[in-house]
Amino acid sequence: MWAWRILGIFAFALGAIGVVLPVMPTTIFWIVAAFAFVRSDPRWAAWIYARPGIGPQIQTFVETGRIGMRSKAAALAGMALAAAGTIFLFWKHPWPMSGSLGFLAIGAAFVISRKAPLAAAPQPPQDIQTRKQGE
């Protein structure tokens, strides 16, 4: 349990750095933190899930393994930007460029392979009875 908590704190801290530094990802580290906190202290996972904008998507992924279409698009766009930066920086160094692009391709394949979240089940219509005045 302590190992999960330490992993969660470490991953959360790396994600928090990503909030301030745009070159550091936040979501992936907070997903790892949420996985670890679910196993060690669910209150901390609930705190991550309560973060506006990112929490519900993390909760959906941790609980179901599904990624919404907007999140997929954002992740793939970020990976494409990282690929472009890698090619620009390592153009004359084929091995580091190939390794980095390979990891990005694996990540992109993983994101693409995730299904979209299930739509909420439709609620049956409620029987509304109205009384006529005087009955």
Tyr49 OH to Ile54 CD1 distance, which is reported to the nearest 0.5 Å: 12.5 Å

Residues 32-59 vs salt bridge (charged side-chain N to carboxylate O under 4.0 Å, His left out), sequence neighbours excluded, gives Arg5-Asp41, Asp41-Arg43

By ring pair (Phe, Tyr, Trp, His ring centres under 6.0 Å), which residues pair with Phe12, not counting sequence neighbours? Trp30, Trp47

For Val38 and Ala45 the tightest heavy-atom approach is CG2-CB, 3.8 Å

Applying salt bridge (charged side-chain N to carboxylate O under 4.0 Å, His left out) as the test, list every pair that has at least one member in residues 56-75; sequence neighbours left out. none

Listing request: all side chain to side chain donor-acceptor pair (under 3.5 Å) pairs with a residue in residues 90-104, at least two apart in sequence or in separate chains. Thr86-Ser100

Atom pair OG1 (Thr64) and NZ (Lys115), whose distance is rounded to the nearest 0.5 Å: 11.0 Å

According to a 4.5 Å side-chain heavy-atom criterion applied to Ile, Leu, Val, Met, Phe, Trp and Tyr, with indirect links allowed, do Met24 and Phe10 form part of one hydrophobic cluster? yes

Steps toward side-chain contact (heavy atoms from CB on, under 4.5 Å) verdict (Ile87, Leu101): CA-CA 8 Å; Ile87 291 169; Leu101 293 176; 4.0 Å; yes

Linking directly or through intermediates, with side-chain heavy atoms under 4.5 Å: list the remaining ILVMFWY members grouped with Val32, chain and number order. Trp4, Leu7

Taking all non-hydrogen atoms of both residues, which atom of Gly18 and which atom of Thr26 are closest, and how far apart? C-OG1, 3.1 Å

Correct closest heavy-atom pair for Phe29 and Pro25 would be CD1-O, 3.1 Å

Interatomic distance, OG@Ser113 vs CD1@Ile67, rounded to 0.5 Å, equals 7.5 Å

Report the C-alpha distance between Phe61 and Thr27 in whole Å, list the side-chain angles of each, state the deciding distance to 0.1 Å, and finish with yes or no for side-chain contact (heavy atoms from CB on, under 4.5 Å). CA-CA 11 Å; Phe61 182 75; Thr27 308; over 6 Å; no

Hey, what else clusters with Ile106 if you join Ile, Leu, Val, Met, Phe, Trp, Tyr whenever side-chain heavy atoms sit under 4.5 Å? none

Please tell me whether Ile31 and Phe103 are part of a single hydrophobic cluster in this structure, the criterion being side-chain heavy atoms less than 4.5 Å apart. no

Rounding to 0.5 Å, atoms CG (Leu81) and CG (Leu76) come to a distance of 12.5 Å

Return the minimal non-hydrogen interatomic distance between Ala34 and Val62, and the atom names on each side. CB-CG2, 3.9 Å

Over all heavy atoms of both residues, which pair between Gly8 and Ala33 is shortest? Give the atoms and the distance, please. O-CB, 3.4 Å

Between Val111 and Met79, does a side-chain contact (heavy atoms from CB on, under 4.5 Å) hold up when you go through it step by step? CA-CA 10 Å; Val111 168; Met79 288 182 210; 3.6 Å; yes

Should Val20 and Leu14 be regarded as members of a common hydrophobic cluster, given that ILVMFWY residues are connected when their side-chain heavy atoms come within less than 4.5 Å of each other, either directly or indirectly? no

Hey, could you give me the OG/CD1 distance between Ser40 and Ile9, rounded to the nearest 0.5 Å? 8.0 Å

Indicate if Trp44 and Ile6 have the same hydrophobic cluster label, given that clusters are the connected sets of ILVMFWY residues with side-chain heavy-atom separations under 4.5 angstrom. no

